[in-house]
Enquirer: 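I am attaching a structure below and will ask some questions about it afterwards.
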Amino acid sequence: MQSHATLVPEIAALLSAIQLRCVECSALYPPVEAQSSSATGLVPRYRCECGGVLDVELEFTLPKQVGMQGDEESWHLMERASNASAVGALWRQVFDERASSPPIWSISTDKLLLDYSGVWRYRELILPAPERYVITRPEGNTNLYPVGMENCPVGRIGHRQIGTYAGLELFFLKHEGENPSGSFKDRGMTAGITMANMLGASAVACASTGNTSASLAAYAAQAGMRSIVFLPAGNVAAGKLAQTMAYGATTVQIEGDFDAAMQLVEQVCNELGIYLLNSLNPFRVEGQKAIGFELLQQLDWQAPDWLILPAGNLGNISAIGKAFRQAYDLSLITQIPRIAAIQAAGANPFYQSYQQQFQKRVSVKADTVASAIKIGNPVSYARARAVIEACDGIVAQVTDEEILAAKEIIDRSGIGCEPASAATLAGAHKLVAEGVIKRDERVVGILTGNLLKDNVTGIPQQRNSAVVKPNLDAVRAMLAQ
Ligand SMILES: N[C@@H](CCOP(=O)(O)O)C(=O)O
């Protein structure tokens, strides 16, 4: 990394406007600290002295160019308007104007490339990085599929079976597996790698069950950085491992589970001056907030009653919960959705803590077919706990059988997802049956990863499909069976 003294003034100024607050004890830190003993001279901070995880604090400034016919003075008056809904309308105008172009882009356009990204479209609320430092594909702009029994149009008969299975009339699935590397991680990674770029990092690392490593490897390759990933040996789905290796990451398989890999990578990064890009890094969480902003925008800023999502390392709950709170504070929305976090029963530390009113942090030896959420000691426990408490959320658990049954419904509908994503539908099914979520409430569920990430678990295998002679009679006979 560059030494602090060599940070260009605009980056130094940007960083000086950002503080990191400990989620446990509220201590404040700058995002990077100069340290003469370090070989690089510059040390990013990932944790508080007390061991707690950190949260980015940044004051939001409305961009000046939008909607303002008046002079500078009337702009500032408007910005400070006591009428919160007027301010909310201005923010909506900014984001709606940026989203008004289709999410395909021409390189000859004079429109900012950042506007085409479903992350950087909300840049003032995520990381106001100078455009030339931003590493973007672009990402985001993922579909929000109407799948409820009532809100599913006739052209989506197959999709409606999802709403029927959940027992929900107004149900939407946001498919984050439609991101460039096939999972929601790209949202956080574009922000994290951009920060790495601004700091002059040459190498980045993560521990991973596979999606984070694939995303890290892809963005590092784009940025021309070295990527090093720590994986639990034998526990990463083939598609994810293939991606990670194809993008050129140095792959270290460790004899241990994800939690052990996570502990190790933190140590390695701190000791060797490599930039850490797990969601322990608070800038990763900032990028993932865009899932929340984008789904609100797709719903015309009418917040749903519930958001349901799978729960593993808990970065996503932390991020989306923070986005909903910030959207509410900026008057972009008028109600904060409740969040239902769904864990696999064999990897349920957060569920167990929730059952004890979060009196005690629990960790477990994780075991589930849903490898993306096979995590026993989630990094973002404290962040996610704060979110669940603040939004009157809940934590539920589902068995592997329930996950696989839900996955089959999603796959057969033509949408498809990786196993962990199906925890969302399994959770919806369970919570509606228990009466926790009412069948007429508006619900958004997150699918976190693409079906091809894991092409074995819960998927009919080729050996079970018919092999026939290449003639019409043979096909006729086969179809008649
Ligand atoms: N399931 C994750 C685990 C790493 O979590 P992150 O929150 O640091 O991204 C993965 O895909 O590796």
Side-chain angles (χ1 to χ4, degrees), residues 46-47 53-54 176-177 179 181-193 204-220 227-233 235-244 247 249 251-254 256-266 269 275-289 291 309-322 341-344 347 349-350 366 368-384 417-421 423 446-450 453-454:
Y46 309 113
R47 279 192 196 273
V53 291
L54 302 167
E176 287 296 294
N179 272 292
S181 83
S183 84
F184 71 94
K185 306 288 182 178
D186 294 345
R187 305 241 189 197
M189 206 53 75
T190 183
I193 206 101
V204 290
C206 71
S208 184
T209 57
N211 280 334
T212 299
S213 59
S215 181
L216 174 98
Y219 279 85
S227 57
I228 304 152
V229 305
F230 294 80
L231 307 175
N235 273 298
V236 176
K240 302 177 185 184
L241 187 57
Q243 280 185 291
T244 304
Y247 291 133
T251 304
V252 187
Q253 305 224 33
I254 67 143
D257 57 13
F258 167 80
D259 302 295
M262 187 63 230
Q263 237 181 345
L264 179 64
V265 76
E266 193 178 343
C269 287
Y275 195 62
L276 176 63
L277 277 175
N278 275 104
S279 59
L280 175 62
N281 183 323
F283 294 103
R284 270 275 318 274
V285 174
E286 291 305 289
Q288 279 164 224
K289 287 187 326 193
I291 303 169
L309 78 177
N313 217 18
L314 306 181
N316 239 4
I317 295 169
S318 311
I320 301 175
K322 187 174 180 187
I342 315 298
Q343 293 220 284
F350 195 47
T368 167
V369 293
S371 60
I373 52 174
K374 190 174 172 184
I375 294 171
N377 187 19
V379 161
S380 285
Y381 170 83
R383 294 175 180 140
C417 66
E418 70 160 307
S421 304
I446 304 291
L447 301 180
T448 45
N450 188 287
K453 289 280 192 172
D454 180 344

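Indexing begins at 1, ligand by ligand and atom by atom, following the structure's order.
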Enquirer: Do any N/O atoms on A372 end up under 3.5 angstrom from N/O atoms on ligand 1?
Expert: yes

Enquirer: For residues N281 and Y275, is any side-chain donor paired with an opposing acceptor at under 3.5 Å?
Expert: yes

Enquirer: Could you tell me which atoms of ligand 1, counted from 1 in the order shown, lie closer than 4.0 angstrom to a heavy atom of N313?
Expert: 4 (C), 5 (O), 6 (P), 7 (O), 8 (O)

Enquirer: Would you sort out whether M189 and T212 count as a side chain to side chain contact (heavy atoms under 4.5 Å, CB included), showing the intermediate values?
Expert: CA-CA 8 Å; M189 206 53 75; T212 299; 3.8 Å; yes

Enquirer: Quick one: does ligand 1 sit under 4.0 Å from the side chain of R284, the backbone, both or neither, non-hydrogen atoms only?
Expert: side chain

Enquirer: Check the surroundings of atom CD in Q263: do more than 12 heavy atoms from other residues, nucleotides or ligands lie under 6.0 Å from it?
Expert: no

Enquirer: Any idea which atoms of ligand 1 are less than 4.0 Å away from a heavy-atom of T209?
Expert: 1 (N), 2 (C), 3 (C), 10 (C), 11 (O), 12 (O)

Enquirer: Quick one: does G315 get a heavy atom under 4.0 Å from ligand 1?
Expert: no

Enquirer: Does either side chain, that of T448 or that of S421, offer a donor lying less than 3.5 Å from an acceptor on the other one?
Expert: yes

Enquirer: Does K240 have a non-hydrogen atom less than 4.0 Å from ligand 1?
Expert: no

Enquirer: Can you list the residues that meet the salt bridge (Lys or Arg N to Asp or Glu O under 4.0 Å) rule with K322, with sequence neighbours excluded?
Expert: D55, E286

Enquirer: Where the side chain of E176 meets the backbone of I291, is there a donor-acceptor pair that is under 3.5 Å apart?
Expert: no

Enquirer: Going by heavy-atom distance to atom 6 (P) of ligand 1, choose the closest among A261, A214, S279, P378.
Expert: S279

Enquirer: Distance under 4.0 Å to a non-hydrogen atom of F258: what atoms of ligand 1 satisfy this?
Expert: 3 (C), 4 (C)

Enquirer: Taking it one step at a time, do I320 and K289 satisfy side chain to side chain contact (heavy atoms under 4.5 Å, CB included)?
Expert: CA-CA 5 Å; I320 301 175; K289 287 187 326 193; over 6 Å; no

Enquirer: What atoms of ligand 1 come within less than 4.0 Å of a heavy atom belonging to N278?
Expert: 4 (C), 6 (P), 8 (O)

Enquirer: Could you tell me the residue and atom name of the protein heavy atom closest to atom 2 (C) of ligand 1, and the distance to it rounded to 0.1 Å?
Expert: K185 NZ, 3.2 Å

Enquirer: Enumerate the atoms of ligand 1 whose separation from the nearest heavy atom of G210 is less than 4.0 angstrom.
Expert: 11 (O), 12 (O)

Enquirer: Using a 3.5 Å cut-off on N or O atoms only, is S213 in polar contact with ligand 1?
Expert: no

Enquirer: Please report which non-hydrogen protein atom sits nearest to atom 9 (O) of ligand 1, along with the residue it belongs to and the distance in Å to one decimal place.
Expert: T212 OG1, 2.6 Å

Enquirer: With heavy atoms of S208 as the reference, note each atom of ligand 1 found under 4.0 Å away.
Expert: 10 (C), 11 (O), 12 (O)

Enquirer: For the pair S215 (side chain) and N211 (backbone), establish whether a donor and an acceptor sit closer than 3.5 Å, ignoring hydrogens and angles.
Expert: no

